[in-house]
Amino acid sequence: MYYNNDTIVYLDGAWKKASEATTGLFAQTLHYGNGVFEGIRSYGTPDGPQIFKPKEHYERLLYSAKAMHIPLSYTVHELTVLSYELLKKNNLQDAYIRPLVFQAENMALQPAPRSHLLLCAWEWEKYLGEKQVRVMTSSYQRPNPRSTHIQAKIVGHYTNSILATTEAKAAGYDEALLLDAQGYVAEGPGANFFYEKNGVLYTCPLGNILSGITRQTIFELAKDLDYVIIEKKFTPSDVYKADGAFFTGTAAEVAPIESLDGHSFNKPWQNTIGYKLAGHYQDLVRRHSTNFFQPAY
Ligand code: PMP
């Protein structure tokens, strides 16, 4: 699904066939989860593939690497140019780009002096699908921000996400919603969370969540469209009485939620602010605008 015999990846300065690219078994990331990554989308437009907000994604990658003391000697510009080359080499338009910075061999609990960079891409449908998802409050909390850099996109954080999604699916739901250590709603395993009540959108403040680039885009779209978003702490029982709710993320885009813990929302999705924002989000990502930076090949 992620690659076939023709797929090309970028690994440590060279373009290689995915089926022939290899890495060592003693990499620190494999053993201890000390690596950082991004999830980026490109969209087909009449002008060719446009990567959505590459600057924001690659700035976050550099921040994540720095937070984890992982050396990474690429600039945002170089990473963006390489990403467009990756799309071209794989003849991709609508694609999901996965940059992964992983650590070299080191079994000590210190960063390895060398890191590896992998860039790969594949076609990926909306992460949570098209239908409205049934969500369950997870028994797993998001990682304590005093135990890690919660705003960095760190490989090891995703063990928490995998536990939460697995638990939700085993209980018959589609996805999980995780709380912070104080019992307030934080985010989904791979997406931020918003709900609507009486014409206003609510989402939790930064502090216990990944600062989503899609979340930020929703703030920008809401401002343009005169919708109010309030950042505040809230609990699952506040959400039970909501008019609507949705997840936001690069892979999920704007994903409608049907219910939380079996409590359905008051409005049909098509009548919510989230629905309108989902439409505007699709327009934005496919529009040639200053959000995009397409370097000349
Ligand atoms: N929270 C978590 C835990 C995530 O993994 C993601 C996906 N990167 C998000 C939120 C949404 O972030 P973005 O909109 O930047 O993709």
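Ligands are counted one by one from 1 in listed order, and the atoms in each one are counted from 1 as well.
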*asked:* Tell me whether ligand 1 is touched by Ala191 - counting only heavy atoms on the residue side and a distance under 4.0 Å.
replied: yes

*Polar-atom distance check: Arg215 versus ligand 1, any N or O pair below 3.5 Å?*
no

_Any donor-acceptor pair under 3.5 Å from Arg142 side chain to Leu210 backbone_ = no

_With heavy-atom distances below 4.0 Å as the criterion, list the atoms of ligand 1 near Asn192._
10 (C), 11 (C)

*Do Tyr96 and Leu117 sit in the same hydrophobic cluster, where Ile, Leu, Val, Met, Phe, Trp and Tyr count as joined when their side-chain heavy atoms come under 4.5 Å apart?*
no

*Looking only at distance, does His57 have an N or O less than 3.5 Å from an N or O of ligand 1?*
no

*asked:* Students should be able to answer this: which protein heavy-atom is nearest to atom 14 (O) of ligand 1, and at what distance?
replied: Thr214 OG1, 2.6 Å

*Can you list the ligand 1 atoms lying under 4.0 Å from a non-hydrogen atom of Gly249?*
11 (C), 14 (O), 16 (O)

_Below 30° counts as parallel, above 60° as perpendicular, anything between as tilted: where do the rings of Tyr275 and Trp269 land?_
perpendicular

*Check the surroundings of atom CG in Asp224: do more than 12 heavy atoms from other residues, nucleotides or ligands lie under 6.0 Å from it?*
yes

*Compute the centroid of each ring, for Tyr195 and then for Phe234, and state whether the two points are separated by less than 6.0 Å.*
yes

*Which ligand 1 atoms are under 4.0 Å away from a heavy-atom of Gly212?*
12 (O), 13 (P), 14 (O), 15 (O)

*Protein residue, atom and distance nearest to atom 2 (C) of ligand 1, heavy-atom basis*: Glu187 OE1, 3.5 Å

_Any nitrogen or oxygen of Thr250, side chain or backbone, less than 3.5 Å from one on ligand 1?_
yes

*Non-hydrogen atom of Arg142 closer than 4.0 Å to ligand 1*: yes

*asked:* Looking at ligand 1, is there an atom of it that comes within less than 4.0 Å of some heavy atom belonging to Lys153?
replied: yes

_Proximity to ligand 1 by part of Ala251, non-hydrogen separation under 4.0 Å_ = neither

_Nearest option to atom 4 (C) of ligand 1, as decided by whichever heavy atom of Ser211, Ala252, Pro143, Gly190 sits closest_ = Gly190

*asked:* Tell me whether ligand 1 is touched by Arg60 - counting only heavy atoms on the residue side and a distance under 4.0 Å.
replied: yes

*Out of Ile213, Thr217, Leu178, indicate the one that has the non-hydrogen atom closest to atom 15 (O) of ligand 1.*
Ile213

*Within one Ile-Leu-Val-Met-Phe-Trp-Tyr cluster: Val228 and Phe193, side-chain cutoff 4.5 Å*: yes

*Is the shortest distance from a Lys or Arg side-chain nitrogen in Glu196 or Lys276 to a carboxylate oxygen in the other one below 4.0 Å?*
no

*Please write down residue, atom name and distance for the protein heavy atom closest to atom 5 (O) of ligand 1.*
Tyr158 OH, 2.4 Å

*asked:* Going by salt bridge (Lys or Arg N to Asp or Glu O under 4.0 Å), name the pairs with one or both residues in residues 169-182, residues two or more places apart or in two chains.
replied: Lys131-Asp174

*asked:* Quick check on the 6.0 Å ring-centre criterion: do Phe265 and Phe246 meet it?
replied: no

*Backbone or side-chain N or O of Thr248 under 3.5 Å from ligand 1 N or O*: no

_Keeping Asp261 on the side-chain end and Thr137 on the backbone end, is there a donor-acceptor pair under 3.5 Å?_
yes

*Side-chain heavy atoms under 4.5 angstrom apart, residues restricted to Ile, Leu, Val, Met, Phe, Trp, Tyr: same cluster for Tyr10 and Val76?*
yes

*Does even one non-hydrogen atom of Ser161 get within less than 4.0 Å of ligand 1?*
no

